[in-house]
Amino acid sequence: MKYDYKKIEKKWQDIWDEKGTFHAVNDYSKPKYYALVEFPYPSGQGLHVGHPRSYTALDIVARKKRFEGYNVLYPMGWDAFGLPTENFAIKNHIHPEIVTKNNIARFKSQLKSLGLSFDWSREVNTTDPGYYKWTQWIFLQLFKKGLAYKKEMNVNWCNGCKCVLANEEVVNGVCERCGGEVVHKTKSQWMLKITEYAQKLLDDLDTVDYIERVKTQQRNWIGRSTGAEVRFSTTQGDTLTVYTTRPDTLFGATYMVISPEHKIIDKWSDVITNMDEVVAYREAAARKSDFERTEVAKDKTGVRLDGVAAINPVNDREIPIFISDYVLVSYGTGAIMAVPGHDTRDWEFAKKFGLPIIEVVKGGDIEKEAFTDCATGIMVNSGFLDGLPVEEAKVKITEFLTEKGIGEPKVNFKLRDWVFARQRYWGEPIPIVHCPVCGYVPLDESQLPLTLPEVESYEPAENGDSPLSTLTEWIETTCPKCGGKAQRETDTMPQWAGSSWYFLRYCDPHNDDALASKEALEYWLPVDWYNGGMEHTTLHLLYSRFWHKFLYDIGVVPTPEPYAKRTSHGMILGEDGQKMSKSRGNVVNPDEVVRDYGADTMRLYEMFIGDFEKAAPWNTNSIKGCKRFLDRVWNLAEKVTDGGIRPQFESAFHKTIKKVGEDIERLKQNTAIAALMTLLNELEASKSVTKGEMKIFLTLLNPFAPHITEELWENIGFEGMLNETTWPKYDEAKCVDSTVEIVAQVNGKVKAKLNVPVDISQDDAIALALSDEKVAQAVEGKTIVKQIYIKGRLVNIVAK
RNA sequence: GCGGGCGUGGCGGAAUGGCAGACGCGCCGGUCUUAGGAGCCGGUGUCUUCGACGUAAGGGUUCAAGUCCCUUCGCCCGCACCA
């Protein structure tokens, strides 16, 4: 019989579907395992070969856990709101709902063709009103707790999309989605106070098992720093507050820089004598994105505010005030005290504008460059701080500032609040009513979901408002509080909203009374293993942790953290080693791979391609190796004879069971497959295989190649379905051979190889090594100074 | 500029501080064949052999370094000049 993968794969996929083989059961007495992969955005391009890398890896984990007796939840769904769909809808005059439906249908059939063991009965879709009802519900809870608020603020405005972007969505100074220019604009926006959770988000990283680089990246993003706020008085009598992490260097502050957007500039417009210049600079800065401001970092620009000055509170010296775009209004207080002696940017600025540079920490050469690496230095030119080490000076100056009432210690975070509004159609409507009398009033929960109304056009309004703003009938409503005339909010939520809690919905996806039942959440949470891309580390992953923590605080979810473990996969690149993209023409279509080689080969190759955590280039040639492997498994299975594991294969099987099991848990599927290949090579060399051997081999291979193994299981006549069996056990004692080859080294150079009993004593091993001709030759005439024996590895004779 | 990674055969990659190159691709040779771009068997880091040299380059720690430390170079990812 031939290995007809097309027939076999269809057959088993249908059987699994019919039987609901991979449905998680609601039997809360069983041990559970919740494996999660990031649900995809169903784009018009269809599935990318990168998607199955993550899905297959955790599919393997899920299948192994089922073998081990766990009640496994491995769900899938669709993160379907978003701009590409909306843009496609605008361009082609098709309703985004239709576009979404079509894209999902395609994605789903592609995923199904890979034989992934998702529980499709729990499929969720963020654009389904039954789903976003609860997204809106969570927003209302945030609003009621004061964590959602509206703020007139400087926002990133995309000229292309005509909409506001979260800072996090601006990539390289252009819109992440359309690539359009991003400028600053003032707009009243719904915001979420993620900053309120900054400390918790930081602290609780210590309680979760995330790979280290994810933790590091989140910590740096949250960016906690300790320092002080210092209030400088000015010649105008106003106070200018700065935040600094180096209050110890206050005596070295020779000027001040405020961001071009700083409000005090308007207040001083009458006294600033060069206001024309200031206004011009301000306008230029507004046109620049934060990224551009950083790009021109080397060439510092700025304008001195003539006619005003600040006063350094420690020595009463008047110091000039500048505006410069290297100071951002969004961090700290939007104003800094410049210490050119000990800060590189300030030093460059001071050099350019001919400002005084004072050394306040000994040790560097401030004529040549700023002395920044001075944490262990001693203070100079600093009055009462002179002679103190930097750390002590920090404490003393902070005490001084606090006593005098001109400053105090301050913890600062880089993390900023989340801009939670989009002037777009294809998103969850924000369930808020604007009442001229009562202000912003939340919709009553019984009114949810507030569904998206039908519109003619999805184009944002000319002024940048949402397409919903043109629907007078929909907008006009009554105030839930006073009953008077009021208007609906026309902005929608960002795409991140629906993905911030989807893993909760999987626990109980059809519940109409709650986002999920208490029992289901108690049982399934936390997610045991969550895998996703590094690109979501600071956006989605942080947002969803924030929402989860909030829901925990209001008693909706039972755990403070959503995910117990987080890993991250590397990207799959094109054959040319570049990122796959339409324009480069290096995109590989997974459908073709499945067609030409089968899903099992595809899965195997996705896992064998390289180190899971690193990027790996696709290579169509290499797929053949995985196909050959399965062909050989098929051929060997046809030769199967009765009997258990033959003695000469006993240790090989025990070792392979151990290795494959451990490697799956370590996310090292590539070496697990290599171990199975090695075992197959050994079996093939013996020209035969027994039923007992094949049973274990098929079980170990099943998570990787589920279709062919089920088929062979049935062909050989093993009882039941393969997926109902249990994971084989290994005996540690049988993983060890009775004899082992060790090397004999002289001064670290290999001189001989010795076959020795595995438990040979150190003395015997050394004696045996020394009796070897080559070893004896190498040590001849020398004095042996040291002898090292590493069990099962080597003997090293150190001779001089 | 800041933060996080990564540099190993022709290629993808293996390697608890302990024989560098497992496994696979490709390539070379053989076999079978009317044929081979199928299958099977053997070989395959570099150098001229005994042997020596080899994990981006240089230095260090160690009996022993791809692995740990320092310096340099190159590449990738993220970014908000974060005061």
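To find a chain, count down the sequence lines: A is the first, B the second, and so on, and within it residues start at 1.
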Inset, instruction - Report yes if the distance between the aromatic ring centroids of A/F349 and A/Y326 is under 6.0 Å, otherwise no. - result: yes

Inset, instruction - May I ask you to check whether A/Y255 and A/F353 place their ring centers less than 6.0 Å from one another? - result: no

Euclidean distance, atom [atom1] of residue [X] to atom [atom2] of [N] [Å, nearest integer]:
{"X": "A/K394", "N": "B/rA83", "atom1": "NZ", "atom2": "C1'", "value": "12 Å"}
{"X": "A/N747", "N": "B/rA65", "atom1": "CG", "atom2": "P", "value": "11 Å"}
{"X": "A/L676", "N": "B/rA22", "atom1": "CG", "atom2": "C1'", "value": "14 Å"}
{"X": "A/L794", "N": "B/rA65", "atom1": "CG", "atom2": "P", "value": "12 Å"}
{"X": "A/E684", "N": "B/rC40", "atom1": "CD", "atom2": "P", "value": "7 Å"}
{"X": "A/K624", "N": "B/rG26", "atom1": "NZ", "atom2": "C1'", "value": "10 Å"}
{"X": "A/Q745", "N": "B/rC63", "atom1": "CD", "atom2": "P", "value": "14 Å"}
{"X": "A/R628", "N": "B/rG24", "atom1": "CZ", "atom2": "P", "value": "10 Å"}

Could you measure between the two [atom1] atoms, the one in [N] and the one in [M], and give it in whole Å?
{"N": "B/rG13", "M": "B/rC25", "atom1": "C1'", "answer": "11 Å"}
{"N": "B/rU46", "M": "B/rC69", "atom1": "C1'", "answer": "29 Å"}
{"N": "B/rC75", "M": "B/rG30", "atom1": "C1'", "answer": "42 Å"}
{"N": "B/rA38", "M": "B/rC27", "atom1": "P", "answer": "9 Å"}
{"N": "B/rG42", "M": "B/rG24", "atom1": "P", "answer": "12 Å"}
{"N": "B/rG21", "M": "B/rA35", "atom1": "P", "answer": "39 Å"}
{"N": "B/rU67", "M": "B/rG18", "atom1": "C1'", "answer": "11 Å"}
{"N": "B/rG26", "M": "B/rU33", "atom1": "C1'", "answer": "24 Å"}

Legend entry - Chi-based syn or anti call at B/rG24, which uses purine or pyrimidine torsion atoms and a 90° bound: anti

Taking only the side-chain heavy atoms of [X] (C-beta and beyond), determine which of [options] contains the nearest atom.
{"X": "A/A674", "options": "B/rC23, B/rA80, B/rC19", "value": "B/rC23"}
{"X": "A/M677", "options": "B/rA83, B/rG4, B/rG24", "value": "B/rG24"}
{"X": "A/R632", "options": "B/rG4, B/rG24, B/rA83", "value": "B/rG24"}
{"X": "A/V798", "options": "B/rC63, B/rC82, B/rC25", "value": "B/rC63"}
{"X": "A/V750", "options": "B/rC19, B/rA80, B/rC23", "value": "B/rC19"}

Sugar-phosphate only, base, or nothing, as touched by [X] at under 4.0 Å among non-hydrogen atoms:
{"X": "A/S225", "result": "sugar-phosphate"}
{"X": "A/Q787", "result": "nothing"}
{"X": "A/N681", "result": "sugar-phosphate"}

Identify, with sequence neighbours excluded, every residue that meets salt bridge (Lys or Arg N to Asp or Glu O under 4.0 Å) alongside [X].
{"X": "A/K627", "answer": "A/D631"}
{"X": "A/K658", "answer": "A/E732"}
{"X": "A/E684", "answer": "A/R632"}
{"X": "A/K614", "answer": "A/D611"}

Inset, instruction - Would you list the pairs meeting side-chain hydrogen bond (donor to acceptor under 3.5 Å, both in side chains) in which at least one residue belongs to residues 662-675 of chain A, sequence neighbours left out? - result: A/K64-A/E665, A/K65-A/E665, A/K659-A/D663, A/D663-A/R666, A/D663-A/T671

Legend entry - Distance test, side-chain N/O of A/K786 to OP1/OP2 of B/rC63, below 4.0 Å: yes

Inset, instruction - Please determine if a side-chain N or O atom of A/T538 lies less than 4.0 Å away from the OP1 or OP2 oxygen of B/rC79. - result: no

Legend entry - Under 3.5 Å donor-acceptor, A/T254 side chain and A/P356 backbone: yes

Close N/O contacts between protein and nucleotides 51-55 of chain B (under 3.5 Å):
none

Legend entry - Inter- and intrachain pairs under salt bridge (Lys or Arg N to Asp or Glu O under 4.0 Å), touching residues 217-227 of chain A, at least two apart: A/D206-A/R219, A/E212-A/R219

Inset, instruction - Nearest-nucleotide wise, let me know which of A/N635 and A/I623 is further upstream toward the 5' end of RNA chain B. - result: A/I623

Inset, instruction - Sugar-phosphate means primed atoms, P, OP1 and OP2; the rest is base. With that split, encode nucleotides 10-17 of chain B 5' to 3' as B, S or - using protein heavy atoms under 4.0 Å. - result: --BSS-B-

Legend entry - Under 3.5 Å donor-acceptor pair, A/N796 side-chain atoms to B/rC63 base atoms: yes

Legend entry - Under-3.5 Å donor-acceptor pair between A/K753 side chain and B/rC19 base: yes

Inset, instruction - Rounded to the nearest 0.5 Å, what's the gap from OG1 on A/T241 to CZ on A/F232? Could you check? - result: 10.0 Å

Inset, instruction - State which residues pass side chain to side chain donor-acceptor pair (under 3.5 Å) with A/H536; sequence neighbours excluded, sorted by chain then number. - result: A/E38

Inset, instruction - List for me each residue that meets side chain to side chain contact (heavy atoms under 4.5 Å, CB included) alongside A/I211, sequence neighbours excluded, and say none if there are none. - result: A/R213, A/V214, A/T567, A/S568, A/E613

Inset, instruction - Identify, with sequence neighbours excluded, every residue that meets side chain to side chain contact (heavy atoms under 4.5 Å, CB included) alongside A/N621. - result: A/N619, A/K624

Legend entry - Involving RNA chain B, stems made of at least three consecutive Watson-Crick or G-U pairs, both distances under 3.5 Å: B:1-7 with B:73-79, B:10-12 with B:23-25, B:26-31 with B:39-44, B:45-47 with B:51-53, B:56-60 with B:68-72

Inset, instruction - Only one of A/V361, A/V360, A/V339 passes side-chain contact (heavy atoms from CB on, under 4.5 Å) with A/R246; say which it is. - result: A/V361

